[in-house]
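Below: the structure, in structure tokens.
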Amino acid sequence: MNVFLGYGMVALFFCGVLCTLYIHRRRDADFTDYAVGGRSFGSGYQTMSVLNTWFPGSVFIADAGMAAGSGVIGFHLLVYGLFAYLLMYLMSRRVWMWGARHGLRTQSDLFGLRYGGTASRTVPALIQVLVNFPMTVLGMQAMGLIFYYISFGHLSYSQSVLAGVLVLVARQFWTVRMGMRGVVVTDFYQGMIAYVFGSALLVGLIVYLAVNGHGFARLPLERLTLPAGGDSGGLYLFALTFTGSVGGWCLSGMFVRLFTADGVRSVKRSAVFVMPASLVFAGLLLTAALLSGTLPGVSDNPDRALFTLAQHIGGPWVIIAIALCVLAAQIGMADGVLQSVGTLISNDLVAVYRPMNDKGRLLAAKVSIAVYTVASALVANLGLSNLITLSIMAYQGVVQLAVPQFLGLFWQRGNRTGTVAGTVAGFVTAAGLSAVYPTFIPWLNGLTSGIVGLAVNLAVYVGCAYLLPQSTAERRRVGELFTATAVPGTRAAPTRTAAPPPGPAQA
């Protein structure tokens, strides 16, 4: 009986998704409309869209598991989220205006506009395709955990992963057809379930734990203190927080959200709105996971802390409610990642070397999404463990785009040589160190491979900026880009025609 109840609620959830899609269905005018949803969404949709991408289903599992198993260090999710939203606010004007004026569709389009040349677009696109793959697999593993619990023992874990993957693959039929518009409108519906209903559910779980003697007083002291040195090293928390903050906006699925808004004001308002929403939801999630760490069975498998807690409460409804929250969050993340990766492959890899019209780009994007989804599904069924480690490793690679992305938005002197050489050097460094030290580097006091890669990346980028100065024409072109986005009433940085002065330009 319980299994039919669980699957029935999942079916009801998808009925809501499909109704939302068909209510907002509209034929895309061109490839740009498909890729960025016509740049037509206000701050409400933007806020929920950011939440539904920033907090995928894996936060209920991997991040909650970190808080349950390791203690308050898991709350770094709160800190790096707030810094990331500040970055969103600061870069929104230039990113959105460049996107609208120059018809940008992807993050790599922005790199191509800022630095010029082909390699400045294709290298970031290739990195996105690579690093988003394990994160997509991670999401499919989370889907498997959902179906494992709502089957109430009728499916093995491997069978549950297969069931979850098949559902996610079927969902991509509408992602392929409707593009980013379909992703954003369903983000709102899914976000209401994952973060609004989810927050209310988490309050109930925390009350249950406190009433039944699993409050903060029962937690061991080491769960309530941050690590000061020890095995992980004193800089491990800094490395997690920093790479999480800047790496989030290096992900293609997050970055494209800046292009879907109907104006700079909507992006900035959503950055302001998402801060308190994030604090409430993530704070409740991590608190519930932290307190559940004292329950029998949680320490054996902290990734399943919330589901273990639901089993202690008893009855199918709590398990199903948690599963629906994870499902809603994960569907939003998967849709955004797959749509953005498909657009990247079509727009910044295929079309760069084989020019094609909008119809050809649309076809290439849809085929890419389908192939990427099937490949991820096959790997997901091989079985992976330690979800948080996989997530952290993916960040080490994608965070290398932070140097050319953020310096390129606020400093005019960076050039395409430094962008390509620095990004490649940083990515190779991070990948090589991750193979040996997947979490942190003991002899660097806990720094991660991504931080070391960023240091190499930054040194190459800045070195090329000074040793290989831009041509006069290039300085003028970049200067005009910055001048066009100057805030009214302020004086924009002058376009340099002589040797550029050191230091960042003021836009």
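Throughout, numbering of the chain's residues begins at 1 and tracks the sequence.
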Subject >> Residues Phe273, Tyr45; criterion ring-ring contact (aromatic ring centres under 6.0 Å, His included); working and verdict >> reply: CA-CA 11 Å; Phe273 293 157; Tyr45 277 102; over 10 Å; no

Original post:
Would the Trp98 and Phe482 ring centres measure less than 6.0 Å apart?
Top reply: yes

Original post:
Closest heavy-atom contact between Asn415 and Cys464?
Top reply: ND2-O, 3.0 Å

Subject >> Gap separating the CD1 atom of Ile193 from the CG atom of Leu201, nearest 0.5 angstrom >> reply: 12.5 Å

Original post:
With distance as the sole test, does Ser346 use its side chain to make a donor-acceptor pair with the main-chain N or O of Thr343 at under 3.5 Å?
Top reply: no

Original post:
So Leu458 and Leu454, side-chain contact (heavy atoms from CB on, under 4.5 Å) or not? Walk me through it.
Top reply: CA-CA 6 Å; Leu458 180 63; Leu454 278 174; over 6 Å; no

Original post:
Hey, does the side chain of Gln405 reach the backbone of Leu110 with a donor-acceptor pair shorter than 3.5 angstrom?
Top reply: no

Original post:
Between atom OG1 of Thr423 and atom CD1 of Ile127, what is the distance when rounded to the nearest 0.5 Å?
Top reply: 5.5 Å

Original post:
To the nearest 0.5 Å, how far apart are CZ in Arg304 and CD1 in Ile61?
Top reply: 9.0 Å

Subject >> Residue pair Leu51 / Val274, side-chain heavy-atom distance below 4.5 Å >> reply: yes

**OP:** Measure across Ala465 and Gly414 and return the closest heavy-atom pair with its distance rounded to 0.1 Å.
**Re:** CB-CA, 4.2 Å

**OP:** State which residue, out of Leu286, Asp303, Leu240, fulfils the side chain to side chain contact (heavy atoms under 4.5 Å, CB included) condition with Met66.
**Re:** Leu240

Original post:
Is the shortest heavy-atom distance from the side chain of Asn132 to the side chain of Ser252 under 4.5 Å?
Top reply: yes

**OP:** Answer yes or no: is there a side-chain heavy-atom contact under 4.5 Å between Leu291 and Leu219?
**Re:** yes

Subject >> side chain to side chain contact (heavy atoms under 4.5 Å, CB included) partner of Arg105, chosen from Tyr34, Phe259, Phe31 >> reply: Phe31

Original post:
Between Gln330, Met180, Arg171, which is the residue that forms a side chain to side chain contact (heavy atoms under 4.5 Å, CB included) with Asp335?
Top reply: Arg171

Original post:
Excluding sequence neighbours, so at least two apart, what forms ring pair (Phe, Tyr, Trp, His ring centres under 6.0 Å) with Phe242?
Top reply: Phe238

Subject >> side-chain contact (heavy atoms from CB on, under 4.5 Å) assessment of Arg94 paired with Phe410 >> reply: CA-CA 9 Å; Arg94 186 155 289 141; Phe410 299 105; 4.1 Å; yes

Original post:
Under 4.5 Å between any side-chain heavy atoms of Arg39 and Thr32, yes or no?
Top reply: yes

Original post:
If we only count heavy atoms from C-beta on, is the Asn445 to Tyr236 side-chain gap below 4.5 Å?
Top reply: no

Original post:
Just by distance, do the side chain of Arg121 and the backbone of Asn347 share a donor-acceptor pair under 3.5 Å?
Top reply: yes

Original post:
For the residue pair Tyr148 and Phe307, is the inter-centroid distance of their aromatic rings smaller than 6.0 Å?
Top reply: no

**OP:** Would you check if the side chain of Gln396 reaches a backbone N or O of Ala431 as a donor-acceptor pair within less than 3.5 Å?
**Re:** no

Original post:
Looking only at atom types and distance, does a side-chain atom of Ser156 sit under 3.5 Å from a main-chain N or O of Gln159, one as donor and one as acceptor?
Top reply: yes

Subject >> Validation row: Val50, Met88 side chains within 4.5 angstrom (heavy atoms) >> reply: yes

**OP:** Identify the heavy atoms of Ser292 and Ala68 that sit nearest to each other, and give their distance.
**Re:** OG-CB, 4.2 Å

**OP:** Could you tell me how the ring of Tyr115 sits relative to the ring of Phe111: parallel (under 30°), tilted (30 to 60°) or perpendicular (over 60°)?
**Re:** tilted

Original post:
Which value, rounded to the nearest 0.5 Å, describes the distance between Leu251 atom CG and Met333 atom CE?
Top reply: 7.5 Å

Original post:
Tell me, do Phe60 and Ser58 make a side-chain contact under 4.5 Å, heavy atoms counted?
Top reply: no

**OP:** Specify the closest pair of heavy atoms between Gly297 and Thr308, including all atoms of both residues, with the distance to one decimal.
**Re:** C-CG2, 4.5 Å

**OP:** Could you check whether the rings of Tyr437 and Trp443 sit parallel, tilted or perpendicular, using 30° and 60° as the cut-offs?
**Re:** perpendicular

Original post:
Can you list the steps and then say if Val267 with Tyr89 is a side-chain contact (heavy atoms from CB on, under 4.5 Å)?
Top reply: CA-CA 7 Å; Val267 182; Tyr89 186 91; over 6 Å; no

Subject >> Backbone of Met254 reached by a side-chain donor or acceptor of Thr53 within 3.5 Å >> reply: no

Original post:
How many angstroms lie between atom CG of Leu349 and atom CZ of Arg354, to the nearest 0.5 angstrom?
Top reply: 14.5 Å

Subject >> side chain to side chain donor-acceptor pair (under 3.5 Å), paired with Ser278, selected from Trp54, Tyr195, Tyr85 >> reply: Tyr85

Original post:
What are the two closest non-hydrogen atoms of Asn52 and Gly332, and how far apart are they?
Top reply: OD1-CA, 3.4 Å

**OP:** Work out which heavy atom in Leu290 is nearest to a heavy atom in Gly71; give both atom names and the distance.
**Re:** CD1-CA, 3.6 Å

Original post:
Can you tell me how far CD of Glu474 sits from CD of Gln412, rounded to the nearest 0.5 angstrom?
Top reply: 11.0 Å

Subject >> Electrostatic pair Arg114-Asp109, nearest N-O below 4.0 angstrom >> reply: no

Subject >> Side-chain (His76) to main-chain (Ile73) donor-acceptor, under 3.5 angstrom >> reply: yes

Original post:
Checking side chain to side chain contact (heavy atoms under 4.5 Å, CB included) against Val420, which of Val123, Thr122, Val460 comes through?
Top reply: Val123

**OP:** For side-chain contact (heavy atoms from CB on, under 4.5 Å), just list the numbers for Val36 and Val256, CA-CA rounded to whole Å, side-chain angles, deciding distance to a tenth of an Å, and then say yes or no.
**Re:** CA-CA 7 Å; Val36 297; Val256 73; 4.3 Å; yes

Original post:
Judged by atom type as modelled, is there a donor-acceptor pair below 3.5 Å linking the side chain of Gln128 to the main-chain atoms of Cys250?
Top reply: yes

**OP:** Would you mind reporting whether Thr429 and Ser449 have side-chain heavy atoms less than 4.5 Å apart?
**Re:** no

Side-chain donor-acceptor pairs of residues 161-170 under 3.5 Å, sequence neighbours excluded:
none

